[in-house]
2 protein chains.
Amino acid sequence: MKQISRFSHFGELSDKDYFRIALSVDCVIFGFEDDELKVLVIKCNIKEYKGMWSLLGDLVRPDEDLDSASYRILKDRTGLDDVYLEQVQTFGKVNRHPAGRVITTAYFSLVNIKDHQLKLSDNELHWHPVKEIAEMAFDHKNILDTCLERLREKIQDHPVVFNLLPKKFSLRELQSVYEAVLNCELDRRNFRKKFFMMDWLIDLNELEEDVPHRPGKLYKFNAAKFAKKTKKVS
Amino acid sequence: MKQISRFSHFGELSDKDYFRIALSVDCVIFGFEDDELKVLVIKCNIKEYKGMWSLLGDLVRPDEDLDSASYRILKDRTGLDDVYLEQVQTFGKVNRHPAGRVITTAYFSLVNIKDHQLKLSDNELHWHPVKEIAEMAFDHKNILDTCLERLREKIQDHPVVFNLLPKKFSLRELQSVYEAVLNCELDRRNFRKKFFMMDWLIDLNELEEDVPHRPGKLYKFNAAKFAKKTKKVS
DNA sequence: GTTTTAATGTGTATTTTTAACACATTATTG
DNA sequence: CAATAATGTGTTAAAAATACACATTAAAAC
């Protein structure tokens with residue numbers, strides 16, 4: 001690797017000093033189950049936070065893009081490809097990690113829990129209700145809160161919650177997701193009206209099955225309406 | 001610094017490899033002058049981008065918070081303290097910097113150009129109209145675009161543009177800022193109505209001076225209405 | 001099989017917000 | 001003192017968001 005001393009405007013520090021910072025990625029992987037918003041967490045095995053929940057993360061490799069690192073973590077941990085992933089913010093307090101200077105970039109992701117099988121016992125991986133998480137290892141609770149806030153803003157204008165649902169879903173399920181994420185109750189009639197107006201849904205002319213009540217109609221996400229915009233942001 | 005090998009889940013890389021990434025901060029410093037939105041740029045002196053404009057940035061020191069690094073850059077470059085600063089995004093493509101693996105976190109800042117004197121000749125620092133910037137060194141045009149987009153969203157709901165103006169300003173000046181940032185024309189009556197409704201302004205009962213037309217009333221930002229929320233995000 | 005239950009499915013009226021639009025007023029300039 | 005070029009103001013129309021009640025359907029209970 002080339003030297004980059006041209007960076008150091010002040011001269012007190014050598015390049016070696018600047019390369020004593022490590023960069024990691026942490027993924028807030030949201031899922032939806034039992035009418036609750038959940039997040040994938042793992043038992044922390046660092047002594048300072050032993051036994052506490054932490055987010056899924058890893059160091060960024062020198063030869064991989066930042067975005068790629070988050071995809072890698074997601075793929076390795078959930079086996080899922082092609083999931084929704086969005087960068088949220090970078091957390092860089094000096095003492096945020098007991099093992100040294102580690103700056104982390106947070107991503108949030110939306111997956112359908114049913115789409116994959118976790119090796120739960122192996123890794124102490126666990127889908128935890130977001131509402132019930134009071135504290136986490138490191139600054140991960142802060143990261144989680146920030147990502148949840150971003151998610152709440154995001155779903156107001158952008159068709160992303162479909163990633164939390166199976167391909168076919170009822171309007172009730174869709175509304176449940178919104179209520180779980182926003183942590184509030186919504187009016188069913190206005191909710192339905194809004195979604196039909198937005199033209200985000202395609203009526204499948206099928207009905208729910210195995211529900212203990214009148215089955216609702218099934219819909220799928222109108223993906224064709226949203227050409228995949230590939231951001232070249234990072 | 002302690003070892004952090006516990007991070008490496010995969011074992012192919014040693015800690016030394018992970019510490020071959022450097023982290024920098026780049027500031028998109030916006031200003032407002034001559035009815036135009038401007039950005040503070042500096043002539044690039046790296047051979048690959050010689051002579052092109054670049055943003056103001058520097059490597060993050062091992063012992064400084066990420067946010068502090070951006071404040072430091074701003075202070076060093078503009079002499080300004082206590083300015084508006086917001087983290088936007090981190091850019092981490094492997095080859096974004098010719099000198100090596102440098103990941104950068106972008107901040108945008110809003111300053112009142114008149115509040116400080118730049119040593120323009122010294123540093124080849126320059127306030128450049130945002131609209132006229134077609135290309136920049138590195139991925140800085142991309143960073144600028146991303147920050148401008150964020151700024152546009154931000155000003156819709158949050159009282160931040162006051163940072164671009166002097167303490168006392170007329171409604172016309174305020175509207176000009178919005179028009180410059182959003183790159184569109186706004187209806188004067190609706191604009192005024194909206195601002196009076198929002199209760200963001202305090203009427204100073206003073207008039208503009210030295211304007212070649214009927215002077216407008218002067219206002220100041222209703223700072224008391226917005227308790228300083230100190231985010232603990234990074 | 002009839003009743004009960006618990007959900008789905010639908011329309012209208014009200015309020016709020018946003019957008020469109022025109023003329024009188026005032027200080028400066030010539 | 002007239003012309004100019006800006007400031008300052010109110011109403012109307014359209015659109016969006018909100019509040020709200022009853023009929024329908026399939027399963028479950030009896």
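Predicted model, so just to flag it, every value in this text is computed and none were measured. Chain identifiers are assigned alphabetically (A, B, ...) following the order of the sequence lines, protein sequences preceding nucleic acid strands; residue numbering begins at 1 within each chain.
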Checklist line | Test salt bridge (Lys or Arg N to Asp or Glu O under 4.0 Å) applied to Lys217(A) and Glu206(A), step by step | finding: CA-CA 6 Å; Lys217(A) 293 175 91 173; Glu206(A) 293 177 58; over 6 Å; no
Spacing of [X] atom [atom1] relative to [N] atom [atom2], expressed in whole Å:
X	N	atom1	atom2	answer
Asp157(A)	dA16(D)	CG	C1'	14 Å
Gln175(B)	dT9(D)	CD	P	14 Å
Lys193(B)	dT12(D)	NZ	P	12 Å
Leu182(A)	dA17(D)	CG	P	14 Å
Arg189(B)	dT7(D)	CZ	C1'	12 Å
Phe191(B)	dT18(C)	CZ	C1'	15 Å
Glu208(B)	dA6(D)	CD	C1'	10 Å
Asp187(B)	dT11(D)	CG	C1'	13 Å

Item checked: Contact state string [nucleotides 23-30 of chain C, B base, S sugar-phosphate only, - no protein heavy atom under 4.0 Å] -> --BBSS--
Enumerate, atom names and distances included, each donor-acceptor pair closer than 3.5 Å involving a side-chain atom of residues 218-225 of chain B, sequence neighbours excluded.
| unit_1 | atom_1 | unit_2 | atom_2 | d |
| --- | --- | --- | --- | --- |
| Asn222(B) | ND2 | Asp199(B) | O | 3.2 |
| Lys225(B) | NZ | Met198(B) | O | 3.3 |

Note to self: Just to be sure I understand the rule, does Lys217(B) reach a base, reach only the sugar-phosphate, or reach nothing, if contact means heavy atoms closer than 4.0 Å?
What the structure shows: sugar-phosphate
Next item on the list: Looking at every strand, decide which applies to Arg192(B) at a 4.0 Å heavy-atom threshold: base, sugar-phosphate, or nothing.
Entry: base
Checklist line | Nucleotide nearest Arg172(A) when distance is taken to its side chain, options dT8(C), dA21(D), dA20(C) | finding: dT8(C)
Checklist line | is_close_aromatic(Phe169(B), Phe162(B)), centroid dist under 6.0 Å | finding: yes
Next item on the list: May I ask you to check whether Phe30(A) and Tyr84(A) place their ring centers less than 6.0 Å from one another?
Entry: no
Next item on the list: Would you mind checking if Lys168(B) and Glu208(B) are paired as a salt bridge, meaning a charged N to carboxylate O distance below 4.0 Å?
Entry: no
Notebook entry, point to check: How far does OG1 of Thr104(B) sit from CG of Leu55(B), to the nearest 0.5 angstrom?
Noted result: 8.5 Å
Checklist line | By side-chain hydrogen bond (donor to acceptor under 3.5 Å, both in side chains) - contacts of Glu33(B) (at least two apart) | finding: Lys38(B)
